[in-house]
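Atom set for the values below is all heavy atoms of this structure, side chains included, hydrogens, waters and symmetry mates excluded.
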There are 2 protein chains.
Amino acid sequence: MALKIRQNQSPEPPESCPLTECMKIIGGAWTPNIIWSLRAGPRRFSELRVDIPPISPKVLSTRLRDLESRGVLTRTIMPTSPPSVEYALTPLGARLMPAIEGIVDVGHALKLQGYKA
Amino acid sequence: MALKIRQNQSPEPPESCPLTECMKIIGGAWTPNIIWSLRAGPRRFSELRVDIPPISPKVLSTRLRDLESRGVLTRTIMPTSPPSVEYALTPLGARLMPAIEGIVDVGHALKLQGYKA
DNA sequence: CAGTATCCCCAAGGATACTG
DNA sequence: CAGTATCCTTGGGGATACTG
């Protein structure tokens, strides 16, 4: 049998471009929405699910953990019954808001002018 | 005790969410970089390849056509020899700049403060 | 120069079900 | 409530080669 050479498909991280770096944080599916939902204060898991209806619990969980690991948000277990968990932006996460706001503003402007994909 | 009402922050349907709409435009790989490269004026295909080294011609071509179809940029064949093609932002594309700038600024700030993934 | 043409790949997402 | 556990699909990219 022929030896199967795995092609080198690994993308050499181009170069730490601020643009690319930032997109790595907010580029994931629903990530901007999550950060946006946290703009006015902490939200719980199920609240986020309501904020962003189409997101599945698995994906929400994945994205939250990813954002937590990147230092964008904190996860706090509240000693309530039933237990609840609050997610809140860190100062670092708050720093991302201008970028998200920029996207929201532009999206809003496009919508107002009747932009269609 | 009084109900602690947590205000619903974004009651917007996801399909019409400006955030999501805008991300559909700039969410593609290298898309922000392409738009960013056009910020100061038209660029040619090979210039863009130099601007964004790791991008393959196929992907660059794909993204450019996508952006053209979305009305973000124009493609102009220059009657030179050898032939060259210029890509330039449309007014609509220029509208995206604040969003991109926001991302760039935040990325830059994160980098300055030594942020690592 | 400015792209197409192929082929391939895998990890991000989705669907669904289940649990502490 | 706040998640895991599985399984599966897809299409966005990547590599490489070729052309007008």
Asker: Applying the side chain to side chain contact (heavy atoms under 4.5 Å, CB included) criterion to A:L64, which one of A:V85, A:I34, A:T31 satisfies it?
Answerer: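 With A:L64 as partner, A:V85, A:I34, A:T31 yield a single side chain to side chain contact (heavy atoms under 4.5 Å, CB included), made by A:I34.
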Asker: Between D:dG13, C:dA2, C:dT4, which one does the side chain of B:S84 approach most closely?
Answerer: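 From the listed options, C:dA2 comes nearest.
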Asker: When you match B:V59 and A:F45 each to their closest nucleotide on DNA chain D, which lands nearer the 5' end?
Answerer: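 It is A:F45, whose closest nucleotide lies nearer the 5' terminus.
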Asker: Verify the contact: side-chain N or O of A:T62 to OP1 or OP2 of C:dA12, cut-off strictly under 4.0 Å; return yes or no.
Answerer: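 Indeed not, no polar side-chain atom of A:T62 lies that close.
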Asker: B:R75 has an atom CZ; how far is it from atom C1' of C:dG3, in whole Å?
Answerer: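 My rounded result for the distance is 8 Å.
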Asker: Please examine the side chains of B:L60 and B:R49, heavy atoms only from C-beta on, and report whether any two atoms are closer than 4.5 Å.
Answerer: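 The answer is yes, as the side chains (C-beta and beyond) meet within the 4.5 Å cut-off.
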Asker: Taking donor-acceptor contacts at under 3.5 Å, does the side chain of A:K58 reach the base of D:dG3?
Answerer: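 Answer no: no donor N or O sits under 3.5 Å from an acceptor.
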Asker: Tell me which nucleotide, if any, is Watson-Crick or G-U wobble paired with D:dA5 when both distances must be under 3.5 Å.
Answerer: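 Across any shown strand, D:dA5 pairs with C:dT16.
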Asker: Please state how far atom CD in B:E86 lies from atom P in C:dG3, giving the value in whole angstrom units.
Answerer: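 Going from CD in B:E86 over to P in C:dG3 covers 12 Å.
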Asker: Side chains of B:R43 and B:Y87, heavy atoms from C-beta outward: is any pair under 4.5 Å?
Answerer: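 SC-SC contact between B:R43 and B:Y87 ruled out.
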Asker: Counting any heavy atom closer than 4.0 Å, what does B:S46 reach on the DNA or RNA strands: base, sugar-phosphate only, or nothing?
Answerer: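 Sugar-phosphate, no base atom in range.
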Asker: Hey, does A:R49 reach any base, or is it just sugar-phosphate, or nothing, if we go heavy atoms under 4.0 Å?
Answerer: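 If one applies the 4.0 Å heavy-atom cut-off, A:R49 turns out to touch nothing in the nucleic acid.
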Asker: Nearest to the side chain of A:P57, heavy atoms from C-beta on, is which of D:dG14, C:dA17, C:dT4?
Answerer: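 Selected nucleotide (nearest to the side chain): C:dA17.
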Asker: Kindly say if B:R44 contacts the phosphate of C:dA2, meaning a side-chain N or O under 4.0 Å from OP1 or OP2.
Answerer: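 Indeed, a polar side-chain atom of B:R44 lies that close.
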Asker: In whole angstrom, give the distance that lies between atom CG of B:L64 and atom C1' of D:dG13.
Answerer: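 One finds 15 Å between C1' of D:dG13 and CG of B:L64, rounded.
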Asker: Do B:V50 and B:W36 share a hydrophobic cluster (ILVMFWY, side-chain heavy atoms under 4.5 Å, transitive)?
Answerer: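 No, it is not one cluster - the side chains of B:V50 and B:W36 are not joined through contacts under 4.5 Å.
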